[in-house]
Amino acid sequence: MAATIAAMGGVCGGANAQEQAASAAQPAPTRIDTAVFAELPVLTDPRISPDGKRVAAQLAVQGKQYFALVPLDGASKPVLIGTGDTDINEWHWVNDDWLVIGVGKTTPVAGDEWYIKRAFGVNATSGKMVALNSDETGQDGGTLLWIAKDGTPRVLLAAQTSIYTNDPGFWPQVDQVDVSTGKHKTVLTGREGVMRWYADGAGVIRMGIGRSMDGRQRRLLYRPSARADFRTVDRAKGLHDGLLVPSLFLPDPGKALVVQDDDMGLSALWEFDLATMQTGKQVFASPGYDISGPVVDPVTSTLLGVEVTENRATTHWTDPTMAALQKKLAAMVQGAQVEISSFTADRSVVIVKVGEASAPGAYFIYRAADQSLQPLAMNNQTLKLRRLHPVKTIRYKARDGLEIAAVLTLPRGNAGKNLPLILMPHGGPAARDEEAWDWWSQFLADRGYAVIQPNYRGSTGYGTPFTRKGEGQWGLAMQDDLNDGVKALVEQGIADPKRVCVVGGSYGGYAALRAAQRDGALFRCAVSFAGVSDLQRLLAFDSNALGHEASADWLKAQAPDFKAISPLFHPEDFSIPVLIVHGKKDRRVPFKQSKLMADRLAAAGKTFQFIEQPEGDHFFTRQEDRLSFLKALEAFLTKYNPA
């Protein structure tokens, strides 16, 4: 394992941050091996321990992901925990010696496949795991509500104790749990209809969200103290009514902060009076963008900053100490973006992310004692902090006048004129693209393509009205927005209209299939990874989930006629070659969506290629699946839309 630590760049030596950033100015080779772009990021979501001695993260070792506890003494070996078919969904430090992790796995239950969530305590030194759920725990057993502030290994966990809706144990109860022993003490019994509880900084359960069995009606329960009774303070129903749930209970028991839309439909952070349930003054807003949420001090439960994605994700630090720290770190690294990722309570040890959209970036450890900034891990072992292909945000007008923001990546050193183009719509569709390292678009730019990633109507981040413009427009105006992005680049002379291909994953895969079926005259080819081909089957896939009726209402609002805009039912309309890739272990979009599409295209005599990834999932967590996809993508584009 010493080799792994060395490969991570070490923690006590090696080049400093300034030297690492300076290497970014070196010219990139004309063509980088495909395997380099397929490398898994070495570290994912690293979090520093309270004493600053260890880092917890997902760690890639020889193309596989592990949960890892990495000592920062430069000598001790990291503790690796294999994940297998289990997802590690979250991890949190409880004290210097213990963490709690939430895991999930698809498991056969009563003849069906269920996604089961559990919680475990993990010893930071030995890796010993302590189950925090009993054998009677139901489907959801891993919801962490609170962590003790006094250094003891205590947390509050909410869990179901039954899988049957007619059993009181179906509604989650809240237990205080010692993560070092697994011992439980119930602090709040389950309440019919309430699936989600919220605790304040002192560990008092103050709020709960109840809902009807079909999910169409919701209510907010609140109490001011542990001795008071819960009362319903807000109700909501339908697609658009929302509950005003505090994002942060402040130390003053009568005050909180909430995320709520302003008059323009853009989410902002507001003060909230818990006695009157009324919003007060605005604390923070980002003109033109939704905020993502507050950053909270884990010890004092006070506001430190607000996360927001403008052209790129960033944190606006409202706390003067954090703002000063951010300024100091930014000054230590020239020519790169610097983000504070994790920090100890006294800010003496900080994990710092350095990079930009054209570089995979790296993590460094900052120590206040000696003002040092030392490397922890390069996200890409081969590229390190090397800059590749430039990325910027552009804006264009859709045919109905709606302004669309898009991320544009151009091949480095190219004049940016008359280029072959890849249109790459994001998944979701309730998501968005930003100026961030993207291994798909950087790979494609490296092969000579311009890449445009439009944030079409229905995307998030630009206000509720913009997101709602996607309702009823799957495969219709949302598709037009994509085509209008191509048109804009053609008019600017950037793209060659005769050399355009559409490539996407998940909803983006659906958009690629829909483009091949509906707008083949505009494209030379289409590539779908894990794409949806039949909305009715997607609806049926979720039909066993609690509250699925509300989810069905949402999906039905996205398209007036499922069959009309589902590519599966129109194979005869496909007029360009199609590449379809799908992992058989995809838990988000069923593999059958692609298999049936391939069968229909074969029956219709269309030109297509279908690749099954036997161990593949929805998120490319395996390096070999990334590599096989990129190789297939390159071969397909070389044949049908060569650069």
Any donor-acceptor pair under 3.5 Å from [X] side chain to [Y] backbone:
X      : Y      : value
Trp146 : Gly201 : yes
Asp73  : Ala75  : yes
Asn379 : Pro360 : yes
Thr467 : Ser459 : yes
Asn455 : Asp433 : yes
Gln442 : Trp437 : no
Gln374 : Ile365 : no
Arg118 : Thr137 : yes
Asn380 : Glu39  : no
His184 : Leu132 : yes

Problem set entry | Pairing residues for Ala236 by the side-chain contact (heavy atoms from CB on, under 4.5 Å) criterion, not counting sequence neighbours | Arg218, Asp241, Leu243

Shortest non-hydrogen contact from [X] toward [Y]:
X      : Y      : result
Leu266 : Gly288 : CD1-N, 3.6 Å
Pro41  : Ala60  : O-CB, 3.5 Å
Gly203 : Leu156 : O-CD1, 3.3 Å
Leu59  : Ala68  : CB-CB, 3.6 Å
Gln282 : Asp262 : NE2-CB, 4.3 Å
Pro294 : Leu269 : CB-CD2, 4.4 Å

For this session: For the pair Val407 and Val391, evaluate side-chain contact (heavy atoms from CB on, under 4.5 Å) and give the outcome as yes or no after the intermediate values.
Result: CA-CA 7 Å; Val407 180; Val391 179; 3.4 Å; yes

I'd like to know if the side chain of [X] pairs up with that of [Y] as donor and acceptor (distance under 3.5 Å, no hydrogens or angles considered).
X      : Y      : answer
Thr393 : Glu435 : yes
Tyr366 : Gln371 : yes
Trp270 : Gln260 : no
Ser267 : Asp261 : no

Quick one, [X] and [Y] - any side-chain contact, counting heavy atoms below 4.5 Å?
X      : Y      : answer
Val194 : Arg219 : yes
Thr279 : Phe272 : yes
Ser341 : Tyr363 : yes
Glu136 : Ser162 : no
Val70  : Pro46  : no
Thr181 : Val130 : no

For [X], enumerate each residue passing the salt bridge (charged side-chain N to carboxylate O under 4.0 Å, His left out) test, keeping only those at least two apart in sequence or located in another chain.
X      : answer
Lys255 : Asp273
Glu339 : none
Arg235 : none

For this session: Please identify each residue that fulfils ring pair (Phe, Tyr, Trp, His ring centres under 6.0 Å) with Phe230, with sequence neighbours left out.
Result: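 For Phe230, the residues satisfying ring pair (Phe, Tyr, Trp, His ring centres under 6.0 Å) (neighbours in sequence not counted) are Trp197.
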
Problem set entry | Listed partners of His618 passing ring pair (Phe, Tyr, Trp, His ring centres under 6.0 Å), at least two apart | none

Got a second to check how far [X]'s [atom1] is from [Y]'s [atom2], nearest 0.5 Å?
X      : Y      : atom1 : atom2 : value
Leu244 : Met277 : CG    : CE    : 8.5 Å
Asp175 : Leu145 : CG    : CG    : 10.0 Å
Arg196 : Trp171 : CZ    : CH2   : 15.5 Å
Asp319 : Leu325 : CG    : CG    : 10.0 Å
Gln176 : Lys185 : CD    : NZ    : 6.5 Å
Ile291 : Phe284 : CD1   : CZ    : 7.5 Å

Exercise. Any ring-ring contact (aromatic ring centres under 6.0 Å, His included) pairs touching residues 67-106, not counting sequence neighbours?
Worked result: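 Pairs touching residues 67-106 that pass the test: Phe67-Trp91.
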
Exercise. Is the CE atom of Met129 crowded by more than 12 outside heavy atoms at less than 6.0 Å?
Worked result: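 Yes, the 6.0 Å shell around CE holds more than 12 heavy atoms from other groups.
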
For this session: Run the numbers on Asp290 and Val259 for side-chain contact (heavy atoms from CB on, under 4.5 Å), then give the verdict.
Result: CA-CA 10 Å; Asp290 292 318; Val259 176; over 6 Å; no

For residues 344-355, please give each side-chain donor-acceptor pair under 3.5 Å, one per line with the distance, not counting sequence neighbours.
from   : atom 1 : to     : atom 2 : distance (Å)
Thr344 : OG1    : Asp346 : OD1    : 2.8
Thr344 : OG1    : Arg347 : N      : 3.4
Thr344 : OG1    : Ser348 : N      : 3.2
Thr344 : OG1    : Ser348 : OG     : 3.4
Thr344 : OG1    : Val349 : N      : 3.3
Asp346 : OD1    : Ser348 : N      : 3.0
Asp346 : OD1    : Ser348 : OG     : 2.7
Asp346 : OD2    : Ser348 : OG     : 3.3
Arg347 : NH1    : Ala345 : O      : 2.5
Arg347 : NH2    : Asp297 : OD2    : 3.2

Problem set entry | side-chain contact (heavy atoms from CB on, under 4.5 Å) between Asp438 and Gln453, intermediate numbers included | CA-CA 11 Å; Asp438 183 288; Gln453 298 169 269; 3.7 Å; yes

Problem set entry | salt bridge (charged side-chain N to carboxylate O under 4.0 Å, His left out) partners of residues 139-152, not counting sequence neighbours, each pair once |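 For residues 139-152, and leaving out neighbouring residues, the salt bridge (charged side-chain N to carboxylate O under 4.0 Å, His left out) pairs sorted by first residue read Lys117-Asp140, Asp150-Arg154.
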
For this session: Using the side chain to side chain donor-acceptor pair (under 3.5 Å) rule, collect all pairs that involve residues 220-231, keeping only residues at least two apart or in two chains.
Result: Arg206-Tyr222

Taking only distance into account, with no hydrogens and no angle test, what donor-acceptor pairs under 3.5 Å do side-chain atoms of residues 80-88 form with protein atoms, sequence neighbours excluded?
from  : atom 1 : to     : atom 2 : distance (Å)
Asp87 : OD1    : Arg587 : NH1    : 2.9
Asp87 : OD2    : Tyr115 : OH     : 2.7
Asp87 : OD2    : Arg587 : NH1    : 2.5

Which donor-acceptor pairs under 3.5 Å do the side chains of residues 303-314 make with protein atoms, sequence neighbours left out?
from   : atom 1 : to     : atom 2 : distance (Å)
Glu310 : OE2    : Ser286 : OG     : 2.6
Glu310 : OE2    : His316 : NE2    : 3.2
Asn311 : OD1    : Tyr289 : OH     : 3.4

